[in-house]
Amino acid sequence: MLKALLKKQMTELNRNFFQNRKTGELRSKKSAFGIITMFALLMCFIAFAFVGIGELLMASLHTVGLDWLYFFIMFLLSMLLGVFGSVFNTYSSLFKAGDNDLLFSMPIKPGMIITVRLVGVYLMGLMYCLPVALPALGVYWFRVGGSFSTVVFQLLSVAVMSFFILFLSIVMGYVVAIFSTKIKNKTFVSVFCSVAFLALYYFAYFKANALIQTIAENPDYYGKKIKSSTFFLYNLANGACGNIGSFFISFGITAVAFGIVIFVLCKSFMSIASRSSYVKSKKVKQAKIKASSLKSALLKKELKRFSTSTAYMMNCGLGLIIMPVVAILAFAKQDAVGGILNELSAESQYYSNMMLLAPVSAMCMICTLNGISSPSISLEGKNLWVLQSLPVSEKAVLEAKVNVHVLLNSIPAIVSTAIMCFAFGQNILNIVLSCCVVWMFIWFDARLGLILNLKHNNLEWTNEVIPIKQGISVLFNMLIGTVISIAMLALSSLALTVLNISVYMAIFVAVFILLNLVEIHWLNKKGVEIFKSL
């Protein structure tokens with residue numbers, strides 16, 4: 001039975017290589033070979049990148065006798081990548097696997113199910129940590145060499161590290177499983193966690209190179225700091241250098257931690273895996289329900305569609321978070337912005353005026369990331385007939401899709417634009433005109449996305465990610481919006497030689513108003529006809 005379950009688990013892990021999840025059909029041998037080759041090349045590329053990091057560290061650390069610090073840094077990077085690769089897979093594959101109910105109904109011991117699931121989690125973490133760990137060992141063997149016993153201890157240290165990654169993945173997956181049964185709105189929690197992880201990842205990415213360079217330049221100082229503030233990782237790294245005592249300390253810590261988490265998991269696995277989401281009981285109160293207006297009902301329907309889809313929010317609403325972040329950074333760095341403007345003013349007044357257009361151009365470009373209207377028709381899918389059969393006009397339906405785009409973008413975009421313009425030292429008139437340009441651009445972008453989706457829609461999708469991430473209308477809307485945003489800044493090279501910056505922005509307000517009128521006419525005529533025929 002265990003052999004059969006392991007075979008099934010391996011098939012699930014490698015399903016993407018051999019099966020097209022969109023259609024459910026098996027891939028051809030050439031297609032499967034191509035995907036496997038591309039994945040292998042990606043892993044080799046990651047490994048090659050860490051070879052360079054290993055060379056940099058080895059050149060500065062080995063000469064001062066701090067080999068353990070080299071392994072400390074490389075093993076830490078390996079653990080971070082390993083946990084990153086497996087933690088998102090732990091909860092879904094361990095506690096919420098699609099065949100859990102089927103396996104629970106069969107005469108299979110829970111311990112066997114747990115073992116099979118953990119094998120999958122372990123292999124996923126191992127696959128991501130080895131492209132860092134193996135180059136670390138390879139660089140060390142090439143530059144330093146090593147006896148048979150040293151090589152053995154280094155390989156065993158990698159094995160210990162892989163099980164510690166499994167321990168961390170189980171703990172994180174367990175915490176997510178506990179909280180998932182207590183949380184009512186999982187969509188916003190998923191979006192929040194995804195954004196927080198992305199922010200943490202990019203912060204670590206941009207800081208990692210500088211941190212490694214700093215440690216390489218001051219190895220003695222940071223070596224003492226790390227040695228005094230860490231215990232497990234220090235002993236793991238020191239064990240890789242051949243210290244038997246340190247190796248067994250790291251092995252013992254991993255064994256005890258892994259044993260405890262397995263014990264807890266065996267005791268609570270069945271209750272968590274079979275538990276349904278928590279629903280808090282509420283007393284029913286009688287109240288009068290007010291009927292919503294037609295526009296309000298359609299707007300609420302579109303807002304609910306956006307707020308209940310993690311994929312929709314993450315791919316078509318990420319700019320809503322970027323806007324205030326950029327504005328706060330510009331406001332916090334006013335001195336730096338002022339210094340840049342003064343330098344440009346000293347060089348040429350033209351460059352100074354051009355920089356004053358940067359807030360408008362940047363905010364319009366960020367708004368193009370929020371293509372909420374561009375997949376809105378496609379997302380109706382096979383249920384589009386329900387919307388078409390309602391006693392509402394097609395014009396009202398299309399307006400609701402535009403209005404939700406404008407509603408979600410307007411407030412953060414206008415407030416952020418005003419803050420950025422203030423940070424750039426603009427006067428009140430230019431701040432007002434900048435906000436008007438951005439607001440008119442949002443209306444234009446909303447209607448443009450809807451027009452493109454009416455012309456290029458996909459109603460036959462099996463996964464909503466397809467129209468959101470692979471839709472032609474989404475891509476074209478983003479490209480057109482980006483080109484216009486850049487052109488707004490680039491055309492100033494000619495316009496600002498003869499026009500005042502306020503007049504220049506007023507012209508763009510008028511241009512966007514004219515474009516919006518053209519879009520409104522098209523939607524009310526051809527747009528309605530296309531919607532009826534879908």
Side-chain angles (χ1 to χ4, degrees), residues 47 50 53-54 57-58 61-62 64-87 90 118-119 121-141 143-175 204 208 211-212 215 219-220 222-265:
F50 282 100
I53 296 176
L57 292 172
M58 181 56 63
L61 297 179
H62 178 67
V64 294
L66 291 175
D67 290 1
W68 70 266
L69 184 55
Y70 166 79
F71 283 111
F72 177 92
I73 297 172
M74 296 303 290
F75 282 178
L76 178 60
L77 294 174
S78 181
M79 288 177 61
L80 290 174
L81 196 62
V83 173
F84 167 77
S86 63
V87 68
T90 304
L118 290 182
V119 168
V121 175
Y122 174 78
L123 291 177
M124 188 65 67
L126 186 67
M127 181 179 65
Y128 281 93
C129 79
L130 286 182
V132 184
L134 292 182
L137 298 182
V139 170
Y140 186 84
W141 294 338
R143 294 297 180 186
V144 180
S147 61
F148 176 77
S149 59
T150 303
V151 172
V152 170
F153 272 110
Q154 289 169 356
L155 293 174
L156 289 175
S157 296
V158 172
V160 170
M161 179 182 62
S162 67
F163 278 95
F164 195 79
I165 291 172
L166 177 60
F167 158 73
L168 293 176
S169 300
I170 295 172
V171 171
M172 293 182 183
Y174 189 86
V175 171
L211 181 60
I212 290 172
I215 293 175
D220 292 324
Y222 286 102
K224 293 177 182 178
K225 285 281 186 180
I226 293 172
K227 189 175 180 179
S228 61
S229 59
T230 62
F231 187 73
F232 170 76
L233 270 176
Y234 164 70
N235 282 284
L236 180 66
N238 203 29
C241 294
N243 189 303
I244 299 176
S246 294
F247 171 78
F248 279 106
I249 289 174
S250 62
F251 175 79
I253 293 173
T254 303
V256 172
F258 189 70
I260 292 172
V261 78
I262 291 298
F263 176 79
V264 174
L265 186 62

Let me have the donor-acceptor pairs involving side chains of residues 236-244, under 3.5 Å, with sequence neighbours excluded, atom names and distances please.
from: Asn238; atom 1: ND2; to: Ser246; atom 2: OG; distance (Å): 3.0
from: Asn243; atom 1: OD1; to: Gly245; atom 2: N; distance (Å): 3.1
from: Asn243; atom 1: OD1; to: Ser246; atom 2: N; distance (Å): 3.0
from: Asn243; atom 1: OD1; to: Ser246; atom 2: OG; distance (Å): 3.4

Please confirm whether the ring centroid of Phe164 lies under 6.0 Å from the ring centroid of Phe258. no

Shortest non-hydrogen pair, Leu166 vs Leu118, comes out as CD1-O, 4.1 Å

If you take all heavy atoms of Met74 and Ala136, which pair is closest and at what distance? CB-CB, 3.6 Å

So, Ser78 side chain and Phe75 main chain: donor-acceptor pair closer than 3.5 Å or not? no

In Å, rounded to the nearest 0.5 Å, how long is the span from CZ of Phe163 to CG of Leu168? 13.5 Å

Interatomic distance, Met161 atom CE to Phe232 atom CZ [nearest 0.5 angstrom]: 9.0 Å

Using 0.5 Å steps for rounding, measure from the CZ atom of Phe148 to the OG1 atom of Thr150. 10.5 Å

Are side-chain heavy atoms of Val139 and Phe50 found at a separation under 4.5 Å? no

Taking every heavy atom of Met79 against every heavy atom of Ile165, the minimum-distance pair comes out as CA-CD1, 3.8 Å

Check: Thr254 and Phe167 side chains under 4.5 Å, non-hydrogen atoms: no

Walk me through it: do Leu137 and Leu155 pass the test side-chain contact (heavy atoms from CB on, under 4.5 Å)? CA-CA 8 Å; Leu137 298 182; Leu155 293 174; 3.9 Å; yes

Take atom CZ of Phe251 as the centre, draw a 6.0 Å sphere, and report whether it contains more than 12 heavy atoms from other residues, nucleotides or ligands. no

Taking every non-hydrogen atom, the tightest pair across Leu126 and Ser162: CD1-CB, 3.9 Å

Mutual orientation of the aromatic rings belonging to Trp68 and Tyr234 [parallel < 30°, tilted 30-60°, perpendicular > 60°]: perpendicular

